[in-house]
Amino acid sequence: MIVRRFLVPLVAAILVVGACGGDPPPPPAPPPGPDMDSLRAYQDSVRRAEEAARAEAARLAAERAAEAERQRAAAAARATLEEMVFFDYDISEVRDDAATVLRAKVDILRASPQVRIRIEGHADERGATEYNLALGNRRAEAIRQFLTGFGLSENRFEIVSFGEGRPLAQGSNEGSWARNRRGQFVITAGANAINPAE
Amino acid sequence: MLMALTVSVLLMTGSAEARGQQTDQIPGVSLGLVYAESYLPALAVKPFSSTFGGVGLASEVEAIVAQDLRYSDRFEVMDSLPAGLIGDQLDYTLWDRLGAVWLVTGQLESAGEDFVFAAELHDVVYGELRESGRFRIPAQSDEDFRMVVHRVSDEIVRWATGEQGMAASRIAFTMTDSEGNKDVHLIDSDGLNLTRLTDFGSLLESPSWSPDGRKVAYTSWRSGYPRIYEMNVATGSERMLAAVRGAGDYITPAYHPDGRTLAFSVLGSDARSGIFTYDFERDCCLAYLSGGPWYDFSPTYSPDGRWIAFNTQRFGDAVPQVMLMPSEGGSAETLSPYEYGSGGYFTAPDWSPNSDLVAFHGRIERGRYHVLVASLEDDGRVLRQLTTEGNNEDPSWAPDGRHLVFVGERSWGYGLFVVDVGTGRIRSLIAGRRVGVPDWSPALQAR
């Protein structure tokens with residue numbers, strides 16, 4: 001630490017010399033005498049500055065982490081809002097596994113009052129085309145009623161049926177049909193105001 | 001299980017070989033014909049002649065007429081005979097010996113840019129001319145050429161039977177493209193002249209002809225929501241049903257036979273769901289006919305416009321039924337054979353244009369869907385099953401009230417088929433394309 005005390009004026013002197021270009025260096029200032037108060041004050045200022053820098057770095061890191069967490073949570077919440085639910089063949093009743101998915105949406109929607117959702121109902125290809133339009137609508141309606149049953153306002157949801165017209169999977173087999181009879185969720189407002197469940 | 005209904009004995013339809021065989025009984029449903037199968041009189045077409053050397057055109061007209069008469073399923077049309085064998089003179093004895101009951105003759109005459117076709121129908125048994133007529137025919141290059149000849153065929157059918165034919169008609173249906181979008185396509189009754197009517201690159205369902213055959217209504221999703229539009233077939237101009245009364249799916253349009261009123265369904269509305277009518281001509285006067293927390297949809301008018309048959313989900317999931325109600329609204333009764341708890345799946349009704357027959361399709365056995373016809377005369381207690389192969393959906397009546405077009409799913413894919421409810425004959429209209437919801441036009445008049 002003593003070294004630093006003498007180093008600082010020396011550096012200052014070199015800087016002065018540098019600034020003067022080619023002139024001969026002036027005689028060095030006499031080294032100051034030991035001044036414990038100013039030394040302490042100096043050391044304190046250094047410590048405070050370093051602490052402040054560390055605190056600021058930590059604050060920034062925490063902020064970044066919080067923002068990342070907030071984004072991650074929002075993305076997770078959005079993914080939860082958009083998660084599809086599936087139905088049994090020719091049935092519009094909400095299945096138990098679908099109810100779990102919908103229940104998670106309810107909590108997010110409560111925490112995100114600006115978010116509005118379009119619920120899309122779909123059917124598999126079996127059965128009459130027009131009947132499947134009605135079936136898709138009934139599925140979307142069943143989802144809407146499930147959600148509003150938890151006190152969410154009806155005007156936050158609109159429903160639309162696509163019948164069998166927009167399949168996810170193209171095959172004519174049970175695996176494809178099971179994927180195609182579904183409810184899908186489109187966020188129509190408040191997409192940047194999604195808050196995770198409290 | 002369907003409730004037990006009258007089960008009568010059964011004619012297998014679909015193929016000539018199988019006809020007449022007995023088959024396993026399906027409770028509640030009789031396999032068989034809607035009209036009693038009867039003897040079909042043999043009809044011969046004498047090679048058409050030409051007064052100006054237009055042999056190619058004459059034989060083209062002859063080919064179209066002969067095919068139309070075959071497709072009418074009212075005659076056994078005899079194979080054509082070489083002109084040299086027949087001679088120019090009309091010799092009833094010769095035709096009688098060949099087994100003909102009816103004989104069609106025709107002569108093409110030049111008339112400026114166009115032609116005149118003089119057609120005659122002869123009763124060979126009585127050895128006399130039954131009817132004759134002269135028809136203006138455009139040049140073969142004219143886009144209306146085939147339709148004009150189809151009208152001649154329908155006139156010949158009328159001469160012979162006194163009944164409306166269906167050659168001069170088209171079928172509207174959806175076809176799915178490689179991106180999964182659907183558009184309205186049209187095809188002539190003989191399976192030719194496939195044309196595309198709409199090109200929206202979106203989802204579209206339920207094309208429905210106006211009674212004058214000039215417009216087609218349908219539901220399109222291109223605004224993001226299903227809404228009903230009406231397109232003029234000749235001009236391509238389009239308008240949307242103005243009666244949008246808030247949220248909901250606007251689907252399944254059907255014209256009243258007077259052409260002024262459109263019936264349709266609104267589902268999932270924040271107000272009322274069910275069947276509505278609207279004065280499409282005056283763009284006003286919305287009326288609510290039926291519905292409730294359940295869903296009613298797919299309306300179809302009786303020929304006199306006094307009744308509507310429709311599909312309902314009021315009995316719950318998975319048991320859609322066909323019901324009837326007055327077209328001004330009122331209490332509804334079930335047409336399809338439903339009793340509480342008995343199940344049964346009956347959808348897509350279409351009322352015959354000239355009788356008390358309502359066609360629909362139902363799930364019959366092992367998850368198979370087949371085309372069925374119910375007669376109001378026996379309160380729908382006997383269903384006639386007209387298909388036995390694959391899955392079959394969405395029947396629509398031809399203007400002759402005896403043919404139905406429907407979507408068939410076979411091991412090789414999808415197609416449109418035509419069944420004659422008099423003979424049980426089935427023919428393919430278009431095969432190997434992803435087609436849906438066909439609607440057969442009324443008899444098309446000259447433009």
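Each chain gets a letter, A, B and so on, in the order the sequences are listed, and its residues count up from 1. These figures come from a predicted structure and were not determined experimentally.
Listed options B:Asn391, B:Asn181, B:Thr176 were ranked by heavy-atom pairs under 4.5 angstrom with chain A; first place goes to B:Asn181. Residue with the most contacts toward chain A among B:Asp394, B:Leu204, B:Asp249, B:Leu203: B:Asp249 (heavy-atom pairs, distance under 4.5 Å). Among A:Pro167, A:Ser161, A:Ala140, A:Gly136, the residue making the largest number of heavy-atom pairs under 4.5 Å with chain B is A:Ser161. Considering only heavy-atom pairs separated by less than 4.5 Å from chain B, the leading option among A:Gly163, A:Gly121, A:Ala134 is A:Ala134. For the set B:Ser206, B:Ala348, B:Gly436, the count of heavy-atom pairs under 4.5 angstrom toward chain A peaks at B:Ser206.
At a 4.5 Å heavy-atom cutoff, the contact between A:Glu164 and chain B is made by side-chain atoms alone. Contact of A:Arg118 with chain B is made through the side chain alone, with heavy-atom distances under 4.5 Å. If you measure heavy-atom distances from A:Arg138 to chain B, the contacts under 4.5 Å come from both the backbone and the side chain. Only the side chain of B:Arg434 comes within contact range of chain A, judged by heavy atoms closer than 4.5 Å. If you measure heavy-atom distances from A:Tyr89 to chain B, the contacts under 4.5 Å come from the side chain alone.
Contact annotation: the side chain of A:Asn132 never approaches that of B:Glu205 to less than 4.5 Å [non-hydrogen atoms, C-beta and beyond]. Here the side chains of B:Thr347 and A:Glu130 are not in contact, with every heavy-atom distance at 4.5 Å or above. The shortest side-chain heavy-atom distance between B:His361 and A:Tyr131 does not fall under the 4.5 Å cut-off. Side-chain contact between A:Glu158 and B:Tyr225 is present, with at least one heavy-atom pair separated by less than 4.5 Å.
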### Task
Under the side-chain contact (heavy atoms from CB on, under 4.5 Å) rule, what do A:Glu141 and B:Tyr295 come out as? Steps first, then yes or no, please.
CA-CA 11 Å; A:Glu141 182 67 55; B:Tyr295 287 179; 3.7 Å; yes
### Message
I'd like to know whether A:Asn137 forms a side-chain contact (heavy atoms from CB on, under 4.5 Å) with B:Gln313, so could you lay out the CA-CA distance, the side-chain angles of the two residues, the decisive distance to 0.1 Å, and finally the verdict.
### Response
CA-CA 12 Å; A:Asn137 192 289; B:Gln313 288 214 36; over 6 Å; no
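With values rounded to the nearest 0.5 angstrom, A:Leu135 atom CG is found 6.5 Å from B:Asp317 atom CG.
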